[in-house]
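For reference, the structure is listed below as structure tokens.
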Amino acid sequence: MSFSIYTTTISELHKMFVEKQISVSDAIAEYRKQAEKINPEIHAYLELFDTTDMVVYAQELIDTGRATLLTGIPIAVKDNILISGHIASASSKMLENHTASYDATIIASLKQQGVVFMGRTNMDEFAMGSSTENSAYGPTKNPLDVTRVPGGSSGGSAAALASHTALLALGTDTGGSIRQPASFCGLVGLMPTYGTVSRYGAIAMGSSLDQIGPFAKSVSEAKLLWETLVSHDAHDNSSLPDKDRNWLEPKKNYTLGVPKSFISGEGVSESVKNNFTEVLEKAKQAGHTIVEIDVPLIEYSLPVYYIIMPAEVSTNLARFDGVRYGLRISGDTPDHTMSLSRGAGFGPETKRRIMLGTYVLSHGYHDAYYQKAINVRNAIKDACAKVFEKVDYIITPTTPSGAFRFGEKSENPVEMYLSDLFTVPANIAGIPALSLPSGYDEHHMPLGVQLMGSRFSEKALFDCAESLEKVLHYERIPTTLS
Ligand code: GLN
């Protein structure tokens, strides 16, 4: 077996490590070389790390027979997940020089296994966006077509993986930020059940919606990373105790529900609709049952999201006041310091959402907007729970279109928000959702299909996704750069 950054899988590389066919150092050097080659154009990474110590530790684990499947495996980490001693800027000027003083819980457990962090990846500022165009440090390009966006907000992580600079990547998903870039870059992405993966050490966007999750080149590799991510963490007060995690076990065939009226709306491109029809055909051939369903109120997920999310954003970002940490520009009075610091530190989209959030929470509007959105959110949760009494998974396209061009939606925020149409419901309901490659659009850019399941259905979700992966035959197209 010979090693290639393009084709070698995690289990193959593990085997090569254990059988001493390749050292961790030599393997990581190859990924690093690729990262240095693509990054000037793609801008997937904000920073590439010195991996020397991590490589030595991984090799030691292998040599002493203590390796796990993840030991020595290169991973790209979104810039809003804290790694002690490294800058975590959330792609914001506000945190340009902010060095993390501790490890996020998931980072600590990956470190223990000797995973090699390749670098921190570009993203939309504070994870707000669908294209990485909102990064304070310039956008990331889609490695499959550099005139197009990689998706967002975890666009850097997706681009890093799709350009073969790592074997796995970490993202965060508040309204689709793992699944949408996964779909745009031909990858698998999972947003886990809310409360199952620790958020401790992830820079918060919308705390009731955020989850950390994996990007991978295949369903089984996404599962591998997920298995390490899911554990109870006393540091995170929304982390569910182990006893409450009633994982659903896989079964032979699954019933997939299609919310027809939701997905046949206007903004959905023809190629997405056609691809989705093919996916359903193939799912049937794979032995699954397809039924039409109605999920009451699901079409209100997006408006509900764009009330609850900014409300939480405005509260979470209140801590950046020019006093405690982050950018500080001194003014004549404390108020002046605050306004200068926040004025210079936040980009336009972040400011827009802070204003929107402050508005919906303000006295007099709270009941009309925020409380109403919470009520509808609860109704959507109930509606989903009811649906899962009848079907195993809700199946939809992941995005209404394939990867769009730079500038195509950035002038019109509402257009941009509409790209979250299919991904947002899962965050609203707190349920897991997975995107896997399903084919191509009219520009030969990847498309994805999404499965949403009931809470704790991940194991079965991976199983179902794997059965679809087999019949969908997505050809990993070479990047324009490789
Ligand atoms: N694109 C969505 C937004 O702009 C989702 C972001 C995310 O999941 N972090 O809010």
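Remember, it's 1-based here, ligands and their atoms both numbered in the order they're listed.
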With no hydrogens and no angle check, is any side-chain donor or acceptor of Glu312 less than 3.5 Å from a backbone partner on Ser208?
-> yes
Could you tell me whether Thr174 approaches ligand 1 through its side chain, its backbone, both or neither, with non-hydrogen atoms closer than 4.0 Å?
-> both
Proximal ligand 1 atoms for Gly175, defined as those under 4.0 Å from one of its heavy atoms = 5 (C), 7 (C), 8 (O)
Between His164 and Tyr31, does the ring centre distance come in under 6.0 Å?
-> no
Salt bridge Glu349-Arg353, side-chain N to carboxylate O under 4.0 Å | yes
May I ask you to list the atoms of ligand 1 that are less than 4.0 angstrom from any heavy atom of Ser153?
-> 9 (N)
Can you tell me if Thr193 and Glu458 form a side-chain donor-acceptor pair at under 3.5 Å?
-> yes
Ranked by distance from atom 6 (C) of ligand 1, the top protein heavy atom is Ser177 OG, 2.9 Å
Give the residue and atom name of whichever protein heavy atom lies nearest to atom 2 (C) of ligand 1, and the separation in Å to one decimal.
-> Asp420 OD2, 3.0 Å
In ligand 1, which numbered atoms sit nearer than 4.0 Å to a non-hydrogen atom of Asp173?
-> 8 (O)
Heavy-atom contact under 4.0 Å between Tyr306 and ligand 1?
-> yes
Does an N or O from Gly152, backbone or side chain, lie closer than 3.5 Å to an N or O of ligand 1?
-> no
Within 45° of the six-membered ring axis of Phe346 and under 6.0 Å from that ring's centre, is NZ or CZ of Lys351 located there?
-> no
NZ/NE/NH1/NH2 to OD/OE distance under 4.0 Å, Lys111 and Asp103 = yes
Please indicate whether any nitrogen or oxygen in Met128 is less than 3.5 Å from any nitrogen or oxygen in ligand 1.
-> no
Please say whether Ala127 places an N or O atom under 3.5 Å from an N or O atom belonging to ligand 1.
-> yes
Just one of Ser91, Ser177, Ser157, Ser154 clears the side-chain hydrogen bond (donor to acceptor under 3.5 Å, both in side chains) bar with Lys78, so which one?
-> Ser154
What are the atoms of ligand 1, with element, lying closer than 4.0 Å to any heavy atom of Gly129?
-> 1 (N), 2 (C), 3 (C), 4 (O), 6 (C)
Considering non-hydrogen atoms only, spot the tightest contact between Pro214 and Leu225 and give its length.
-> CB-CD2, 3.5 Å
Among protein heavy atoms, which lies nearest atom 5 (C) of ligand 1, and at what distance?
-> Tyr305 OH, 3.3 Å
Under-4.0 Å heavy-atom contact with ligand 1, by part of Phe126 that carries it | neither
N/O separation below 3.5 Å, Met205 to ligand 1 | no
Answer with yes or no whether Arg353 contacts ligand 1, where contact means a heavy atom under 4.0 Å from a ligand atom.
-> yes
Would you please indicate if the ring centroids of Tyr102 and Tyr200 are separated by under 6.0 Å?
-> yes
Side-chain ion pair, Lys372 and Asp367, N-O less than 4.0 Å | no
